[in-house]
Amino acid sequence: MPRIRVRLDALRDRSYTVEIRPGILAEVPLLLSRAEGKRRVFVITDSNVTRLYGSEFASRLAAAGCEVALLEVPAGERSKSSPTLNGLYTRLFRGGVRRDSLVIALGGGVIGDLAGYLAATVLRGVRLVQVPTTLLAQVDSSVGGKVGIDHPAGKNLIGAFHQPSAVYIDPEALLTLPEDEFRNGLAEVVKIAAARDAPFFANIERNAPRIRRENTALNAKIVETAVALKASVVEKDERETGLRRVLNLGHTIGHALESSGGFALKHGQAIAIGMAAEARIARELGLLPPPACLRLTGLLEALRLPVDPPGTINERAFMSAIALDKKSDVTGTRFVLLRRIGECAPGVPVPADLIRKTMGLVSRKSKHG
Ligand SMILES: NC(=O)c1ccc[n+]([C@@H]2O[C@H](COP(=O)([O-])OP(=O)(O)OC[C@H]3O[C@@H](n4cnc5c(N)ncnc54)[C@H](O)[C@@H]3O)[C@@H](O)[C@H]2O)c1
Ligand SMILES: [Zn+2]
């Protein structure tokens, strides 16, 4: 079975294993009760995942001897918010949470981020296990320890680093994923390949026609490569002081599109548009050769991901979200831009006018003076 080790901290060992195997979801309760002992377990999931997997998962945990509470929140990005988080704290306290309790995030990236932040903060931190069920969460958000919630001022503005003690990935869970959610996950696959691994990028280009939810064997391989790439970045720079910034490729514009649009655009779609826009910016700045820019947009389109900015962007909200980006410093917003397929330049300043022009905002701005 593919196992990827994420090696962190020589002194206080926080390393963990990511296990990837079709069908592993049914075995996780037993594996967990063996690894973690029969502690109190809070399974956090959403309304869709409860129905598909959550109830059975909780029953298996109980059968394995754990004291289980299955806590469901409404599906969707709006649950990554402080009211939902507060509700979960209350349910944990009522459920008798202790320092040795375990939080399991069973669901997509929303659940991983929300349950992860809950685990990072309740009683100053309890253990966390990630069981990601969307492609996006399997290839990206479940590994690396970034957890958090959104704020009306912007995406992911409140958060922490809280590494899981284990990650279990079942590529068969993707069989029930809606088609557009599967595509959203592919956006993060393209991101990590474009940022770090040209041969993997070429491999996705070759396989694009065969990449489908149902192709479990191919999906397992893709997840394995993406997780290994992410793990290698996180190991070198857990707290994002340098190298880890490359994982923000497409995200400066992507996050601004998400928050300025009231989260109507899904994360994967937003970062696909963001990657295409940032590639055009890199081309305009003379950083990225035009054929590489075309390759990137070509692959996104082959995977049926959007590449053009939406027709309606709230310019004021969009530009202030760009300014609030976590990569901003006194000198302004810094972008991670592609230099070639497989290699990025982090920390590139981009003039506001070029951002507006790339997003088709120039004419609208001049109309209003
Ligand atoms: N922490 C990180 O490093 C990191 C990285 C990337 C993205 N993110 C975050 O992840 C979030 C997006 O994650 P997402 O795209 O997984 O969204 P999501 O969690 O909202 O899941 C998408 C939809 O799929 C449903 N679903 C989940 N698993 C399913 C399954 N197996 N079958 C059927 N339906 C299923 C969910 O109920 C939801 O409706 C964003 O908030 C983003 O900011 C975090
Ligand atoms: Zn992302």
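Note that the coordinates shown come from a computational prediction; the quantities given were computed from them, not determined experimentally. Counting starts at 1 for both ligands and their atoms, following the listed order. For the numbers below, each heavy atom of this structure counts, side chains included, while hydrogens, waters and symmetry mates do not.
Atom 5 (C) of ligand 1 has as its closest protein heavy atom S141 CB, 3.4 Å. For atom 27 (C) of ligand 1, the closest non-hydrogen atom of the protein is T134 CG2, 3.2 Å. Of the protein's non-hydrogen atoms, E77 OE1, 2.6 Å is the one closest to atom 41 (O) of ligand 1. When hydrogens are left out, the protein atom nearest atom 18 (P) of ligand 1 is V110 CG2, 3.8 Å; that is the closest non-hydrogen contact.
Between the side chains of E172 and N219, not a single donor N or O lies within less than 3.5 Å of an accepting N or O. H267 and E188 are linked by a side-chain donor-acceptor pair at a separation below 3.5 angstrom, with hydrogens and angles left out of the test.
At a heavy-atom distance under 4.0 Å, no atom of V147 approaches ligand 1. In A75, the part holding a heavy atom less than 4.0 Å from any atom of ligand 1 is the side chain. Using a 4.0 Å cut-off between heavy atoms, K146 contacts ligand 1 through both its backbone and its side chain. In D150, neither the side chain nor the backbone holds a heavy atom less than 4.0 Å from any atom of ligand 1.
Protein N/O/S atoms found under 2.8 Å from the Zn ion (ligand 2): E188 OE2, H251 NE2, H267 NE2.
Relative to atom 35 (C) of ligand 1, the option among N248, V73, V234, L177 with the closest non-hydrogen atom is L177. When K230, Q269, E188, Q130 are checked for heavy-atom proximity to atom 6 (C) of ligand 1, E188 turns out nearest. Considering only non-hydrogen atoms, atom 43 (O) of ligand 1 lies nearest to K155 out of H267, R51, K155. Proximity annotation for atom 28 (N) of ligand 1: of D113, T133, L106, T133 comes nearest, heavy atoms only.
Close approach of ligand 1 to N156 (heavy-atom distance below 4.0 Å) involves ligand atoms 43 (O). Counting the atoms of ligand 1 from 1 in the order shown, those under 4.0 Å from a heavy atom of T176 are 30 (C), 31 (N), 32 (N), 33 (C). Less than 4.0 angstrom separates some heavy atom of K80 from each of these atoms of ligand 1: 9 (C), 40 (C), 41 (O), 42 (C), 43 (O). If you number the atoms of ligand 1 from 1 as listed, the ones under 4.0 Å from a heavy atom of E181 come out as 22 (C), 23 (C), 24 (O). Residue V49 has at least one heavy-atom neighbour below 4.0 Å for each of these atoms of ligand 1: 26 (N), 27 (C), 28 (N). Against a heavy-atom cut-off of under 4.0 Å, K266 is close to the following atoms of ligand 1: 20 (O), 22 (C).
Residue contacts with ligand 1: A173 is included, with a non-hydrogen atom under 4.0 Å away. For the ligand labelled ligand 1, residue D46 lies inside the 4.0 Å heavy-atom shell. The closest approach between any non-hydrogen atom of P178 and ligand 1 is below 4.0 Å.
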(message) Before you tell me yes or no, could you show the steps for N203 and N207 under side-chain hydrogen bond (donor to acceptor under 3.5 Å, both in side chains), namely the whole-Å CA-CA distance, both residues' side-chain angles and the distance that decides it to 0.1 Å?
(response) CA-CA 6 Å; N203 189 292; N207 276 305; 3.0 Å; yes
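Under the 4.0 Å criterion applied to side-chain N and carboxylate O atoms, D353 and R356 are assigned as salt-bridge partners. The residues E179 and R213 are annotated as salt-bridged, a charged nitrogen and a carboxylate oxygen being separated by less than 4.0 angstrom. The pair R60-E27 does not count as a salt bridge, with every side-chain nitrogen at least 4.0 angstrom from each carboxylate oxygen. Between K191 and D140 a salt bridge is recorded (basic side-chain N to carboxylate O distance below 4.0 Å). In this structure, E258 does not pair ionically with K266, as no charged nitrogen and carboxylate oxygen lie closer than 4.0 Å. A salt bridge links E19 with R3: at least one charged nitrogen is closer than 4.0 Å to a carboxylate oxygen.
Residues I273 and L265 are in side-chain contact: their nearest non-hydrogen atoms beyond the backbone lie under 4.5 Å apart. L114 places a side-chain heavy atom less than 4.5 Å from the side chain of L88. D113 is listed as a side-chain neighbour of S141, based on a closest heavy-atom distance under 4.5 Å.
Counting only distance, with no hydrogens or angles, the side chain of R91 and the backbone of G87 share no donor-acceptor pair below 3.5 Å. E67 places no side-chain N or O within donor-acceptor distance of the main-chain N or O of V41, the cut-off being under 3.5 Å.
Distances between N or O atoms of N184 and those of ligand 1 include no value under 3.5 Å. For ligand 1, the polar-atom distance check against L136 finds no nitrogen or oxygen pair separated by under 3.5 Å. Residue contacts with ligand 1: G109 is placed with a nitrogen or oxygen under 3.5 Å of a nitrogen or oxygen of the ligand (distance criterion only). The shortest N or O to N or O distance between L174 and ligand 1 is not under 3.5 Å. Between N48 and ligand 1, a contact under 3.5 Å exists for at least one N or O pair. Below 3.5 Å of separation, one finds no N or O of D140 facing any N or O of ligand 1.
Checked against side chain to side chain contact (heavy atoms under 4.5 Å, CB included), V110 has the following partners two or more places apart in sequence or in another chain: E77, S79, K80. Every residue meeting the side chain to side chain contact (heavy atoms under 4.5 Å, CB included) condition with T45, not counting sequence neighbours, appears here in chain and number order: V49, T50, L70, L106. Residues passing the side chain to side chain contact (heavy atoms under 4.5 Å, CB included) test with A160, sequence neighbours excluded: Y117, A120, V147.
Using a 30° and 60° split on the angle between ring planes, Y89 and F93 fall in the parallel class, below 30°.
Atom OG1 of T134 and atom CG of N184 lie 8.5 Å apart (nearest 0.5 Å).
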